[in-house]
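Computed from a predicted structure; not experimentally measured. Below, read A as the first sequence line, B as the second, and so on, with proteins coming before strands; counting in each chain starts at 1.
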Amino acid sequence: MKYNFNDIEKKWQNYWSKHQTFKAENNSDKPKYYVLDMFPYPSGAGLHVGHPLGYIASDIYARYKRHKGFNVLHPQGYDSFGLPAEQYAIQTGQHPAITTETNIKTYRRQLDQIGFSFDWSREVRTSNPEYYKWTQWIFIQLFESYYCKDSNQARPISELISVFEAEGNSRINAACDDDVAPFSAEDWKAMSSEQQQETLLKYRLTYLAETEVNWCPALGTVLANDEIVNGVSERGGHPVVRKKMTQWSMRISAYAERLLQGLETIDWTDSLKESQRNWIGKSVGASVTFNVMSSEMLKQVQHDESERHSEIDSESHHTIEVFTTRPDTIFGVSFMTLAPEHDLVLEITTAEQKAEVEAYIEATAKRSERDRMADVKTISGAFTGAYAEHPFTKEPIPIWIGDYVLAGYGTGAVMSVPCGDQRDYDFAKHFNIPIPNIFEGVDISEEAFADKDNTIIANSDFLNGMNYKKATKRAIYELEQIGQGQGKTNYRLRDAVFSRQRYWGEPFPVYYVNGMPQMIDVKHLPLTLPEVEKYLPTEEGEPPLGRADVWAWDAKQNKVVSNAMLKQVQHDESERHSALDAESHKDNSVYPLELNTMPGWAGSSWYFLRYMEEAAQRGEAFATEDALKYWQNVDLYIGGSEHATGHLLYARFWVKFLKDRGFVTVEEPFKKLINQGMILGTSAFVYSLMHSFTVKTISSNYGIDELKFPNVFIPKASYDSFNKGEFDTSLKLGLDIIKKEFERKGFEVEVNWDKVSLNPIHTDVSFVNASDELDIEAFKNWRPEFKDAEFVLEEGVYKVGREVEKMSKSKYNVVNPDQICEQYGADSLRLYEMFLGPLEQAKPWNTAGITGVHGFLKKLWKLYVDDNGLKVNDAEATKDNLKTLHKTIKKVEEDIENFSFNTSVSTFMIAVNELTDQKCTSKAILEPLLILISPYAPHIAEELWERLGHSASISTAAFPVFEAKHLVESSKNYPISFNGKMRFTLELPLDMSKEDIEKAVMAHEKTIAQLEGRTPKRVIVVPGKIVNIVG
RNA sequence: GCUCAAGUGGCGGAAUUGGUAGACGCGCUGGAUUCAAAAUCCAGUUCUUUCGGGAGUGUGGGUUCGAUUCCCACCUUGAGUACCA
């Protein structure tokens, strides 16, 4: 009987679906285990073989855990809000919901055919209103919370209001905007409702703020930094400008320290933790306040040093705050540098320097961020003419501006210590500013000395003779004494902008009364997306929701109403001089709704919690307390490393917040995380020959414009030699073809070798066979412009060039899993994806190699079934059989625990090869073997399991137990090495003593031959391992 | 520049605490079977060699009886980050 994988796989996929084999229960005596994949965005292109890699790995692990007796939750869903569907809607007018639905169908079909053990009953879709109702709910919880730095957690905003009412904000230690002014209880009560709301907004964990964004006028939207390439939008190449906009932000910065500390408690790769650490960017140091000297003070210093304290002009008193990680070097400050955008620059600049400073500011403003970054080497700056006073020496310090200081980091100002910082050093050298040396025995004539761990401070008053640690402590203490500084920790992590000017995202549950945001009551959620006639921004530059006709909130009836109602109210309001009584007015409760939508990461920041809840219970909460308590967090999370600083950081932030407010019980969502490596495509290239001929005679039949340049392709070898400056025969043949084509049309042309150019062009990999030969007919039919293409052949064929690149539609190198499943089966695909190499590593796909694992499955089949049917019998297992089985159990178990799936596929091959050689038919061996293989190749395992007489799915069978006794050996084939190099092996009993081993080895003829009469200096015998003879 | 990975046959890769380098598979070569092909099976396949052997895991050093594995320096590739004070 043949291994008919197509029928078998269909049969078992139907069986699993019908019997809900992989449905997880929310209560069970078994221990829980939660295996999660990063859910996909359902793109129109469908899956290529790179996508399922992580899913296959997690599926193997999930199935393994079931065999090991765990209650496994292994769900799947769709991150179904997103830009491509919206882009498609803009182009075609098709509603993104329809596009998304269609794409999901394709995804589901493709996923099903690979045989995953997903519990589809718990599927989530972020664009489903029943789902985003709870995304909106979380947003409201964030709005209703502030971050208390004393208890280090988020707390209800109502608590804050009580404190404000009782005593103002003087004793509140909370994360808030920098510009919150102190106020008393009386001040608070005196505020208008709007003023109070405005104040509270500065404390809320999600808040409205003016943020500078990358605005793309052509697309009508804000772009993230990585959506901008070379100063223009990645999509479409439109110009991008910096613009201030009022947008929702998330106060993730409040959680910076906890996000950093939490990394210590989770099992993620070092590189991933490292990128989160870099992103959070903690630096410990001090903030130091420098007083700007007035011109009078300055004169005093210059004229009479002894009386410099006598007079202080308080009128024009400015201070500059800086952040430094090196307060120990404070006596090395010889100038200060402000970012050109710093608020104080224009105020402190002297009349003489005004022109220069303004010119410099203008010049830097013109340069885009990209230019500034690309051009790190050029040093530029301008002197403001102003001086600051050194906090200890009271010496004047010149204040400069320079674009190497970034407005967005720290305070946008630095105390420049040229002897200890290379950038300060370069700046000082460039502008001839003194570079005082404050390090003992260090030469700073060539470069700055930045090594803080090997330094003794000198020329620094009370810091002399101290090391970095001591000096830092002392400097901070002294600064505190004079009230000009304190220890400070700075984080790079910025608050996250949460508004997008797009249609296909979650609407904010927000309406505006007198410009102040109001939350829609939770019981009226979800607030669903309105219909719009076009998915583009409005002519006025409003987001697409600005086009909706029914997008106003009736706060009395608590429902969305037509904008017409709104206009009436506004109209009336503008005429309120007529002393209209507001209460008598029926429609005064209609307000505008928020026009922005939430970003892609909103829905993905909590979806793993939604899976915990069974579908039937999903109405009442984002997940019930019982479900959250039972599943806790994700035990194993598999996904791409591209989410290192986005999704993975935001999800941790939201979970920490939900924990603070008592909605979940865990601090970290993902206990263990693995990044699967990318599967790369093998692109195929043809080499197009171009030549600008000098035309000598123009044909009378054709105008020069009508003459199409013929497409001629030459072999890879010609391309390679061309790049070395050579012209081979094939290339000359190619030129001849072009020339003849011209001549046929009556043009006389002259070959010019300097004008030959060759272009590699991607061709679809499906036109290429295993020997790299191009199907020329298929290529010609591919695109109209190649219809008349000419190929210069080698030995009758055209061989393409190959290059390994990211698998992508635009590179025509995608391999579709559908065809693989059709031709070799899902089990082959699963095994092969695992066999390619380590899970976390990037590796090239090569379909030809799949015959190896496919052959293995056929061999496995033949071990159980032949032409007469089932071969397996009750024959007693031989010693060899048991040895093979148990070493396989041991290895496979270790491999799965270590996520080394590639090596276990090899182990299966070895086991099947050995058992085939042993002609094993024993059920006692072949039955447990099937369980070992079933996580990897579940379909064939189920089929053979059934044929062995089982009625229940193999997925419930217990994992075989390893017994060491079957691997006990009595002898060892010792490698005998000379000076560490193995020369021959010698079979010796394992219980032989060291001395006897040495004797046996020394007496061996090959040892004697190897030594050639020399006496060895030493003989190392490691019993059970190796013998090494040193001579 | 900094941070993190990684460099092993023609290719993907294996060698789990330092102990037989190249498991397993692809590809390739030869053979069997076949009218032929596919499929299947058997043998070989790091390089080199005077067939005794010799060399060999990016390069150069070091530690060790012994290094793909540990240490130092360098080179290359990939990923992330970017003037972070």
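Comparing atom distances between the A:L406 side chain and each of B:rG56, B:rC24, B:rA85 picks out B:rA85 as nearest. For A:N1028, the listed nucleotide lying nearest its side chain is B:rG66; candidates were B:rA85, B:rG66, B:rC26. Listed nucleotides: B:rU16, B:rC84, B:rC41. Nearest to the side chain of A:D895: B:rU16. Comparing B:rU16, B:rU20, B:rA85 against the side chain of A:N898 picks out B:rU16 as the nearest. Listed candidates were B:rA23, B:rG12, B:rC65. Nearest to the side chain of A:R1018 is B:rC65. Of the candidate nucleotides B:rG19, B:rU40, B:rG13, B:rU40 has the atom nearest to the side chain of A:K858. For A:Y404, taking side-chain heavy atoms from C-beta onward, the closest of the listed nucleotides B:rG12, B:rC83, B:rC26 is B:rC83. Among B:rG66, B:rU16, B:rU20, the nucleotide with an atom closest to any side-chain atom of A:K891 is B:rU16.
Within the structure, every side-chain polar atom (N or O) of A:Q841 is placed at least 4.0 Å from both OP1 and OP2 of B:rA6. Considering only side-chain N and O atoms, A:N913 lies under 4.0 angstrom from the phosphate OP1 or OP2 of B:rG25. Considering only side-chain N and O atoms, A:R423 lies under 4.0 angstrom from the phosphate OP1 or OP2 of B:rC84.
With sequence neighbours left out, A:S971 forms a side chain to side chain donor-acceptor pair (under 3.5 Å) with A:E987. With sequence neighbours left out, the ring pair (Phe, Tyr, Trp, His ring centres under 6.0 Å) criterion links A:Y832 to A:W845.
No engagement by A:A413 is indicated, since no non-hydrogen atom pair under 4.0 Å with the nucleic acid exists. As judged by a 4.0 angstrom heavy-atom cut-off over every strand, A:T851 is placed among residues touching the sugar-phosphate backbone only. The residue A:R494 sits apart from the nucleic acid: no heavy atom pair falls under 4.0 Å. As judged by a 4.0 angstrom heavy-atom cut-off over every strand, A:E894 is placed among the base-contacting residues. Base engagement by A:T985 is indicated by at least one non-hydrogen atom pair under 4.0 Å involving a base atom.
Not one N or O on the side chain of A:Y974 forms a donor-acceptor pair closer than 3.5 Å with the backbone of A:K1025. Looking only at distances, a side-chain donor or acceptor of A:D424 sits under 3.5 Å from a matching main-chain atom of A:V417. Within the 3.5 Å criterion, the main-chain N or O of A:Y936 finds a donor-acceptor partner in the side chain of A:R830.
Within residues 268-286 of chain A, the residues approaching RNA chain B are A:S271, A:E274, A:S283, by heavy-atom distance under 4.0 Å.
The CD1 atom of A:I674 sits 16 Å away from the P atom of B:rA5 (whole-angstrom rounding). Atoms CD (A:Q422) and P (B:rC2) sit 12 Å apart, rounded to a whole Å. In this structure, A:L680 atom CG and B:rA6 atom P are separated by 17 Å, rounded to whole Å. Between the NE2 atom of A:H854 and the P atom of B:rA38 there is a distance of 16 Å, given to the nearest Å. Residue A:K981 contributes atom NZ, which lies 8 Å from atom C1' of B:rA55 at whole-angstrom precision. Nucleotide B:rG25 holds its C1' atom 15 Å from the NZ atom of A:K843, rounded to whole Å. Residue A:I976 contributes atom CD1, which lies 10 Å from atom C1' of B:rU20 at whole-angstrom precision. When the P atom of B:rU20 is taken as reference, atom CD of A:E987 falls 16 Å away, rounded to whole Å.
Atom P of B:rC72 sits at a distance of 13 Å from the matching atom of B:rA5, rounded to the whole Å. Distance noted for atom P between B:rG19 and B:rU68: 10 Å (whole Å). If you take atom C1' in B:rU69 and the same atom in B:rG25, they sit 24 Å apart, rounded to whole Å. Between B:rA21 and B:rG7, the distance separating the two C1' atoms is 16 Å to the nearest Å. Comparing B:rU8 with B:rU77, their C1' atoms sit 15 Å apart, to the nearest whole Å. Taking the C1' atoms as reference points, B:rU29 lies 27 Å from B:rA15, given to the whole Å. The C1' atoms of B:rG9 and B:rA73 are separated by 28 Å, rounded to the nearest whole Å. Annotation: B:rG30 and B:rA38 have their P atoms spaced 14 Å apart (nearest Å).
With both pairing distances under 3.5 Å, B:rA5 is matched to B:rU77 as a Watson-Crick or G-U wobble pair. The partner of B:rU69 is absent, by the rule that a Watson-Crick or G-U pair needs both atom distances under 3.5 Å. Remark: B:rC47 base-pairs with B:rG54. Criterion, Watson-Crick or G-U wobble with two distances under 3.5 Å. The nucleotide B:rG25 finds its pairing partner in B:rC11, both defining distances of the Watson-Crick or G-U wobble pair being shorter than 3.5 Å. When both pairing distances are held under 3.5 Å, B:rC83 makes no Watson-Crick or G-U pair with any nucleotide shown. Using N1 to N3 plus N6-O4 or O6-N4 for Watson-Crick, or N1-O2 and O6-N3 for G-U wobble, each under 3.5 Å, B:rU40 pairs with B:rA32. Both distances falling under 3.5 Å, in either a Watson-Crick or a G-U wobble arrangement, occur for no nucleotide opposite B:rU64.
No side-chain N or O of A:T645 forms a donor-acceptor pair with one of A:Y650 less than 3.5 Å apart. Side chains of A:S904 and A:T907: a donor-acceptor N/O pair is absent below 3.5 angstrom, by distance only. When only modelled atom types and interatomic distance are considered, A:D495 and A:S253 share a side-chain donor-acceptor pair under 3.5 Å.
Around CE of A:M992, the count of heavy atoms belonging to other residues, nucleotides or ligands within 6.0 Å exceeds 12. Atom NZ of A:K972 is surrounded by more than 12 heavy atoms from other residues, nucleotides or ligands within 6.0 Å.
With a glycosidic angle no further than 90° from 0, B:rG9 counts as syn. For B:rG52, the base adopts the syn conformation, since its glycosidic angle falls within 90 degrees of zero.
Residue whose closest nucleotide on RNA chain B sits further toward the 5' end, between A:T645 and A:D917: A:D917. When each of A:Y974 and A:N902 is assigned the nucleotide of RNA chain B bearing its nearest heavy atom, the one mapping closer to the 5' terminus is A:N902.
A cation-pi arrangement is present between A:R652 and A:W268, with the terminal nitrogen or guanidinium carbon under 6.0 Å from the aromatic centre and inside a 45° cone about the axis.
Scanning atom types as modelled, no donor and acceptor separated by under 3.5 angstrom connect the side chain of A:K862 and the base of B:rU40.
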